[in-house]
Amino acid sequence: MAKTYDVAVIPGDGTGPEVVAEGIKVLNAVSKRFGFTLNYTYYNVGGEHYLKTGETMPEAVLTDLRRFRAIYLGAIGHPGVTPGILEKEVLLRTRFELDQYINLRPVKLYKGVDTPLKNKGPEDIDFVVVRENTEGLYAGAGGVLRKGTKDEVAVQESINTRKGVERCIRFAFDLTRKRNKKKMLTLCGKTNVLTYAFNLWERTFYEVAKEYPDIKTEYVHVDATCMWMVKNPEWFDVIVTDNMFGDIITDLGAMIQGGMGIACGGNINPEGVSMFEPIGGSAPKYTGKNVINPLAAILAGGMMLEYLGEEEAGRLVEQAVQEAVDKEIPSLEAGKMGRGTKEIGDLIEQYVSTL
Ligand code: IPM
Ligand code: MN
């Protein structure tokens with residue numbers, strides 16, 4: 001019996017539906033080749049839906065999402081909706097409620113892709129950021145007093161639990177071992193200023209490290225991490241960090257690997273339902289023009305296959321993208337790819353069918 005995987009699809013806003021359509025095109029081609037089936041259920045969630053109905057993430061949808069093996073997400077974000085609402089109630093809520101405690105973001109420069117870093121190539125830029133995804137400053141703890149007055153007080157607290165920190169660090173050690181590259185895990189933090197939070201991180205890191213004698217460890221402050229990511233990205237193999245720092249350094253990571261057009265990520269619950277997405281947003285100005293780059297969404301689809309256990313199929317998607325960017329796509333920027341969104345999808349579909 002051929003395997004079937006139930007996948008929830010949230011195309012979302014702006015260019016989300018366009019890039020998801022290309023991702024599905026490729027996923028269908030690759031699943032056909034490997035003889036498994038992806039059974040999609042589409043959900044209409046996002047800015048458009050919110051403006052029409054006032055609903056952000058309906059309770060029933062969130063409950064429903066729990067029964068899938070994975071979620072494939074396009075983008076959430078709408079120019080007509082106050083910033084913060086959709087982010088908090090759709091994206092962050094899903095991450096939290098489904099306990100997707102890892103945000104996995106590979107930073108890999110493919111051959112033939114331009115990086116803004118001078119004298120750096122694919123052999124220098126190949127690492128993964130493991131970002132804690134359910135705690136820290138994102139937990140929403142805090143409050144405001146005397147709002148709107150001269151005496152206003154705003155507090156935003158970073159929540160770090162031993163359990164949350166430890167499971168993230170363990171995931172990062174396991175991944176470093178599995179990658180089997182430099183076998184080096186870097187903890188990125190700010191122990192010199194955030195003396196409570198990163199003391200917990202650092203102690204946990206070195207305690208867990210004892211169980212992984214084959215993995216080298218180092219600690220780097222977040223500011224220095226930014227510096228090294230630009231100056232010596234080849235030093236990194238796997239970086240583990242908290243939610244906020246992970247958010248920031250992965251935008252820097254996306255830039256050095258060739259831009260938002262190619263950067264993908266997974267919101268992972270290793271025991272539950274994980275969600276895969278291109279890191280870039282809904283790009284309203286490019287919407288409906290067939291110019292947005294779908295490669296990040298396509299790669300997110302490949303990452304999803306790996307997590308579904310179809311590792312070979314996932315690798316083929318990445319290999320297809322690698323070949324295509326090297327041989328046929330002059331630039332990864334929207335509108336400068338030498339082809340439209342759909343045509344890039346067709347190209348990758350062709351590669352995964354014939355490689
Ligand atoms: C990301 C995004 C989100 C985050 C926003 C949209 C809430 O920037 O996935 O990196 O901060 O996590
Ligand atoms: Mn971000």
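Atoms within each ligand, like the ligands themselves, are counted from 1 in listed order. Being a predicted model, the structure only gives us computed values, none of them experimental.
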Return a table of N or O atom pairs, ligand 1 on one side and protein on the other, at distances under 3.5 Å, rounded to 0.1 Å.
unit_1: ligand 1; atom_1: 8 (O); unit_2: D247; atom_2: OD1; d: 3.3
unit_1: ligand 1; atom_1: 9 (O); unit_2: R95; atom_2: NH2; d: 2.7
unit_1: ligand 1; atom_1: 9 (O); unit_2: R105; atom_2: NH2; d: 2.8
unit_1: ligand 1; atom_1: 10 (O); unit_2: R105; atom_2: NH1; d: 3.1
unit_1: ligand 1; atom_1: 10 (O); unit_2: R105; atom_2: NH2; d: 3.1
unit_1: ligand 1; atom_1: 10 (O); unit_2: R131; atom_2: NH1; d: 3.3
unit_1: ligand 1; atom_1: 10 (O); unit_2: D247; atom_2: OD1; d: 2.9
unit_1: ligand 1; atom_1: 11 (O); unit_2: Y138; atom_2: OH; d: 2.6
unit_1: ligand 1; atom_1: 11 (O); unit_2: D247; atom_2: OD1; d: 3.4
unit_1: ligand 1; atom_1: 12 (O); unit_2: R95; atom_2: NH1; d: 2.8
unit_1: ligand 1; atom_1: 12 (O); unit_2: R131; atom_2: NH1; d: 3.4
unit_1: ligand 1; atom_1: 12 (O); unit_2: R131; atom_2: NH2; d: 2.8

Should the heavy atoms of other residues, nucleotides or ligands under 6.0 Å from NZ of K32 be counted, would the total exceed 12?
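No, the 6.0 Å shell around NZ holds no more than 12 heavy atoms from other groups.
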
Just by modelled atom types, is the [Y] backbone N or O under 3.5 Å from a matching donor or acceptor in the [X] side chain?
X: Y43; Y: P11; answer: no
X: S282; Y: G14; answer: no
X: K342; Y: E18; answer: no

Cut-off under 2.8 Å, centre the Mn ion (ligand 2), protein N/O/S atoms
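Within the sphere that stays under 2.8 Å of the Mn ion (ligand 2), the protein atoms of type N, O or S are D247 OD1.
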
Please list all pairs meeting ring pair (Phe, Tyr, Trp, His ring centres under 6.0 Å) that have one or both residues in residues 222-255, counting only residues at least two apart or in different chains.
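Listed once each, the pairs are F127-F236, F198-F245, W228-W235.
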
Given L185, T217, D174, the one that forms side-chain contact (heavy atoms from CB on, under 4.5 Å) with Y212
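Answer after filtering L185, T217, D174: D174.
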
Could you tell me how the ring of F34 sits relative to the ring of F36: parallel (under 30°), tilted (30 to 60°) or perpendicular (over 60°)?
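Taking F36 first and then F34, their aromatic rings sit tilted (interplane angle of 30° to 60°).
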
So which residues get pulled into V155's cluster when ILVMFWY side chains under 4.5 Å apart are joined, directly or through others?
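Grouped by the 4.5 Å side-chain rule, L145, V153 form the rest of the cluster around V155.
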
List the atom of G265, the atom of I279, and the distance in Å for their closest heavy-atom pair.
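Shortest heavy-atom contact: N-CG1, 4.0 Å.
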
